[in-house]
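So the structure is just underneath, and the comments pick up after that.
Note on naming: letters A, B, ... go to the chains in the order of the sequence lines (proteins, then strands), and numbering restarts at 1 for each one.
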Amino acid sequence: MKEQATALSVYNTLSGTKESFKPLNEGFVGMYVCGPTVYSNVHLGNCRTFISFDLVYRYLLHLGYKVRYVRNITDVGHLVDDADQGEDKIAKKARLEQLEPMEIVQMYTLDFHNVMQQFNALPPNIEPTATGHLIEQIEMIQDILDNGYAYESNGSVYFDVEKYNEAHPYGAVSGRKIEDLIANTRDLDGQDEKRAPLDFALWKNAAEEHIMKWPSPWGLGFPGWHLECSAMSTKYLGETFDIHGGGMDLKFPHHECEVAQGTAANGSTPVRYWMHGNMLTLNRKKMSKSTGNSISPDELFSGTSDLMEKAFDPMVVRFFMMQAHYRSTLDFTSEALAAAEKGHERLMEAISTLQSLKASNESTADVPSLVNAFYDAMNDDFNSPILVSQLFEAVKLINSVRDGHASLTEADIDLLSTEMAAFVYDVLGIRPAEEKGETRLSPVMDLILDLRKQARENKDWATSDKIRDGLSDAGITVKDGKEGTTWS
RNA sequence: GGUUCCGUGGCCGAGUGGCUUAGGCACCGGUCUGCAAAACCGGGUACAGCGGUUCGAAUCCGCUCGGAACCUCCA
């Protein structure tokens, strides 16, 4: 464990404040993040949450924690709204495309994994599926029934919210009061089976035509919308674990129900630190598949979206997200991406420059305190934008040393190299720039640049500029520095 | 309608009582360069509006205006 680990503070939705982070078991962290529902391609909004928690995961690892990171795949669709009330989302999609439900699941799971890999997100340690944990879910329902916090009705099982609220506060995560919730419930399908409008389904009986259904003590059906996360987090992380993450939009009802289910089944609140990432917006509105206000990663990477002026590299998009705090909304625009692209390039280039810096006998800058600033930023509730700003302080320093306006000792250069690489690559998860040393191109470039050098020495600017412009058209940038000419 | 949150300079985006005029991008001036580009140095514009608390507020309170999330599947 790094000594800086003791200074980590985390914003806990439960208390609404930043709290000093102390895991249940010293040196170990259990973390659960709500994963995607694989009934369509992930859009960028989904990705932001997963990238935010990838940052959390990566920093915890960097601090030296042994982390078990669990992120589920929801392969039983939650109930859909509109005219299809009570119909499983995945089953619905399957019927439309004449495919097996598990075919849909497979297709979109692969897409999800592919996208996450492009964003350089580390895979979770366990990625459980809802359909793979029917037994655990049924057992949990039984426990809740046994403890008297649920009731069976017409082949379905519902959670008794008012009964639960007598012993435990319902609304701890979302900050809601049960009276307000009662006053605001709407009429939904199946309300007549419930004792109270606020009650939510743990198990739902399936209609004849329903494709995805399983046998249970209460008949053929499928698990309720909120149960899978409770069952799987309990199985892999225990009845109480450290961190539960997800998007803001899941606070209510999903996470509220998870707290209730866990508490009702096991007697103790399941999560110690609830963390919520904020929404990615497009045109200042939440990205959402259902409203069509969204952009897919593929469209972005290929530049085929009408909303974007050009294509953007996954690492630029990731860097862009890192320039905002995970608890703030972030508006997605082509201009903002373009700005991030330049910043990203400047940062990566400085890291490359750092490798070839000449050491001096003394340093004109305080590198150790700069490095401390990296840790301070991340320890303050994973404040990546502050970290990035500190990294740019380092960029300025590196360039100044290169230009001879500042100096660093060998030890400081080594320290800066190690820590910059750690924070940029390991923590922020920015993939290192690809080595440009294409073996076949390098000698050619050496030759061309040598010819250009001769032309310049002869003050043959026409030839010199023709070479530079020609290379530029080919996507190669030539830079004339004091130490000679470089290209990239 | 209810609950909660937000409104920062040309753009993105940190900061939450009194050195941050954070940082990135853009812009202007300078250095360097054959000219550029890159880099470095310097520069400007800000805290939605109004009122209040305070010795002092972008930061606390109230109101107004504007926007968002949730209340129903959603990262």
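Residue G246(A) is in sugar-phosphate contact alone, with no base atom involved, counting any heavy-atom pair closer than 4.0 Å across all strands shown. Across all strands shown, G245(A) has no heavy atoms under 4.0 Å from either base or sugar-phosphate atoms. Within the nucleic acid shown, S52(A) has no heavy atom closer than 4.0 Å to any nucleic acid atom. As judged by a 4.0 angstrom heavy-atom cut-off over every strand, R346(A) is placed among residues touching the sugar-phosphate backbone only. Using a 4.0 Å heavy-atom distance criterion, K251(A) is classed as making no nucleic acid contact. If you check every strand for non-hydrogen atoms under 4.0 Å, K177(A) touches nothing. Note on K459(A): nothing from the nucleic acid sits closer than 4.0 angstrom, heavy atoms only. Residue contacts for M279(A): at a heavy-atom cut-off of 4.0 Å it reaches a base atom on one of the strands shown. Heavy atoms of D465(A) sit under 4.0 angstrom from at least one base atom. Looking at heavy-atom distances under 4.0 Å, Q390(A) makes no contact with the nucleic acid at all. At a threshold of 4.0 angstrom between heavy atoms, the contacts of S288(A) include nucleobase atoms, whether or not backbone atoms are also involved. When heavy atoms are screened at a 4.0 angstrom cut-off, H43(A) is found touching base atoms of the nucleic acid. Looking at heavy-atom distances under 4.0 Å, L280(A) makes contact with a base. Among the heavy atoms of the strands, none lies under 4.0 Å from R48(A).
Picking from A14(B), A75(B), G2(B) the nucleotide with the shortest atom distance to the side chain of D249(A) gives A75(B). Comparing atom distances between the N46(A) side chain and each of A39(B), C74(B), G15(B) picks out C74(B) as nearest. Taking every side-chain heavy atom of D403(A) into account, C40(B) is the closest of A69(B), C12(B), C40(B).
The only member of D480(A), D446(A), D465(A) that meets salt bridge (Lys or Arg N to Asp or Glu O under 4.0 Å) when paired with R452(A) is D480(A).
Mapping K342(A) and L397(A) onto RNA chain B by nearest heavy atom places K342(A) closer to the 5' end of the strand. Nearest-nucleotide assignment on RNA chain B puts the 5′-proximal partner with K18(A), out of K18(A) and F50(A).
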Could you provide the dot-bracket string of RNA chain B, using ( ) for intrastrand pairs, [ ] for crossing pairs and | for bases paired to another strand, with Watson-Crick or G-U pairs below 3.5 Å? (((((((..(((.(.....)..))).(((((.......)))))....(((((.......))))))))))))....
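At distances below 3.5 Å, at least one donor-acceptor pair connects side-chain atoms of S156(A) with backbone N or O atoms of N205(A).
Here the P atom of nucleotide A75(B) and the CG atom of N72(A) are 10 Å apart, to the nearest Å. Summarising the geometry, the separation between CG on D381(A) and P on A14(B) is reported as 12 Å, rounded to the nearest angstrom. E309(A) places its CD atom 14 Å from the C1' atom of A26(B), with the value rounded to the nearest Å. Put simply, CZ on F222(A) is 12 Å from P on C73(B), counting in whole angstrom units. Taking atom CG of residue L370(A) and atom P of nucleotide A22(B), one finds them 18 Å apart after rounding to whole Å. Remark: P of C6(B) and NZ of K285(A) are 20 Å apart, rounded to the nearest angstrom.
C47(B) and A22(B): their C1' atoms are spaced 14 Å apart (whole Å).
Ring geometry for F159(A) versus F200(A): interplanar angle under 30°, hence parallel rather than tilted (30 to 60°).
Note: F320(A) and F332(A) meet the aromatic proximity criterion, with ring centroids under 6.0 Å apart.
Here W461(A) counts as stacked on G34(B): its ring centre is under 5.5 angstrom from the base ring centre and the planes meet at under 30°.
A salt bridge is absent between R318(A) and D313(A); no separation between the charged side-chain nitrogens and carboxylate oxygens falls under 4.0 Å. Using a 4.0 Å cut-off between a side-chain N of Lys or Arg and a carboxylate O of Asp or Glu, D199(A) and R195(A) do not qualify as a salt bridge. Using a 4.0 Å cut-off between charged nitrogen and carboxylate oxygen, K251(A) and E258(A) do not count as a salt-bridge pair.
For L14(A), the side chain to side chain contact (heavy atoms under 4.5 Å, CB included) partners two or more places apart in sequence, or in a different chain, are N12(A), A172(A), V173(A), W274(A).
Both cation-pi conditions hold for R176(A) and F252(A): the charged atom is under 6.0 angstrom from the six-membered ring centre and inside a 45 degree cone around its axis.
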